Amino acid sequence: MSALLIRSTAGEGFEGHFRLGRFWPRAGQVVAQDAFTAEEWAVLTADPRLHIGPAPDGAQAEADAKAQSLTDAVRAVLAALEPGDFEADGLPKLAAVKARLPEGTKGLTKALLVTIWGDLKLTP
């Protein structure tokens, strides 16, 4: 998994902008390449207000640690969900999971939730 730096190219006076429900600051944010689906990457790469490039040295280990921490937090929440916290198709509701995560937890997307849920369902 490779880490990328995504930063807003918003003009002076703007701290960044939102795309795909996330805030992209001018300073940049490191994300793993597998953090988004192909369709989401298409949206991000097509946005002229975003610059996507390689992450700085050492960012890969930091991104991996953050991803593992988020995965662990989501798994704990999934274990405590109630019947009303699931969609008709059996997937957990994103809003229900986000509401139960520790305050300040960021980075959970529907795609990541589906991946974590799928991994849990495959585990015997």
Side-chain angles (χ1 to χ4, degrees):
M1 168 171 55
S2 297
L4 296 171
L5 178 69
I6 302 177
R7 65 178 183 81
S8 173
T9 58
E12 192 172 320
F14 294 95
E15 293 183 28
H17 73 281
F18 284 87
R19 178 64 62 222
L20 295 179
R22 290 181 66 171
F23 181 72
W24 302 103
R26 289 178 67 190
Q29 186 173 39
V30 175
V31 298
Q33 280 187 310
D34 63 357
F36 298 102
T37 65
E39 293 82 14
E40 290 169 329
W41 276 116
V43 169
L44 292 172
T45 57
D47 189 330
R49 297 174 296 170
L50 290 176
H51 173 75
I52 302 172
D57 291 340
Q60 179 64 51
E62 183 180 332
D64 289 346
K66 284 182 181 178
Q68 186 59 47
S69 175
L70 177 58
T71 298
D72 292 345
V74 171
R75 284 177 177 234
V77 167
L78 290 173
L81 291 179
E82 298 177 11
D85 296 328
F86 292 87
E87 303 283 355
D89 62 4
L91 290 173
K93 292 179 180 176
L94 180 62
V97 175
K98 282 185 173 183
R100 288 175 173 82
L101 287 171
E103 188 174 335
T105 302
K106 298 181 181 182
L108 182 61
T109 63
K110 183 68 173 182
L112 180 57
L113 179 58
V114 168
T115 299
I116 295 169
W117 180 248
D119 290 346
L120 284 176
K121 291 188 76 168
L122 294 175
T123 303

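Quantities reported herein were computed from a predicted structural model and do not represent experimental measurements.
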Would you check, one step at a time, whether the test side-chain contact (heavy atoms from CB on, under 4.5 Å) holds for Val43 with Phe36? CA-CA 10 Å; Val43 169; Phe36 298 102; over 6 Å; no
Mind checking what makes side chain to side chain donor-acceptor pair (under 3.5 Å) contact with Arg7, not counting sequence neighbours? none
To the closest 0.5 Å, what do you measure between OG1 (Thr109) and CZ (Arg22)? 7.5 Å
Looking only at heavy atoms, what is the nearest atom pair of Gly16 and Ser8, with distance? CA-OG, 3.5 Å
Grab the two heavy atoms, one from Ala111 and one from Thr37, that are nearest each other, plus how far apart they are. CB-CG2, 3.6 Å
Do the side chains of Trp24 and Val31 get nearer than 4.5 Å, heavy atoms only? yes
side-chain contact (heavy atoms from CB on, under 4.5 Å) evaluation trace for Trp41 with Leu4: CA-CA 12 Å; Trp41 276 116; Leu4 296 171; 3.7 Å; yes
Residue pairs, two or more places apart or on separate chains, that pass salt bridge (charged side-chain N to carboxylate O under 4.0 Å, His left out) and touch residues 40-55: Arg19-Asp47, Asp47-Arg49
Minimum side-chain heavy-atom gap Asp119-Thr71 below 4.5 Å: no
Those residues that, when tested against Pro54, pass side-chain contact (heavy atoms from CB on, under 4.5 Å) (two or more places apart): none
Does the pair Leu50 and His17 meet the rule for a side-chain contact (heavy atoms from CB on, under 4.5 Å), with working shown? CA-CA 9 Å; Leu50 290 176; His17 73 281; 3.6 Å; yes
Residues two or more places apart in sequence or in another chain: which of them pass side chain to side chain donor-acceptor pair (under 3.5 Å) with His51? none
Listing, residues 81-96 side-chain donor-acceptor contacts under 3.5 Å, not counting sequence neighbours, or none:
{"from": "Asp85", "atom 1": "OD2", "to": "Glu82", "atom 2": "N", "distance (Å)": "2.8"}
{"from": "Asp85", "atom 1": "OD2", "to": "Arg100", "atom 2": "NH1", "distance (Å)": "3.4"}
{"from": "Asp85", "atom 1": "OD2", "to": "Arg100", "atom 2": "NH2", "distance (Å)": "2.9"}
{"from": "Asp89", "atom 1": "OD1", "to": "Leu91", "atom 2": "N", "distance (Å)": "3.1"}
{"from": "Lys93", "atom 1": "NZ", "to": "Gly84", "atom 2": "O", "distance (Å)": "3.2"}

Does Phe23 have any side-chain contact (heavy atoms from CB on, under 4.5 Å) partners at least two apart in sequence or in another chain, and if so, which? Glu15, Phe18, Pro25
Going from CG on Leu20 to CG on Leu44, what distance comes out if it is rounded to the nearest 0.5 angstrom? 4.5 Å
Quick one: which residue pairs count as a salt bridge (charged side-chain N to carboxylate O under 4.0 Å, His left out) with a foot in residues 102-115, not counting sequence neighbours? none
Shared ILVMFWY cluster between Val114 and Leu101, side chains joined below 4.5 angstrom? yes
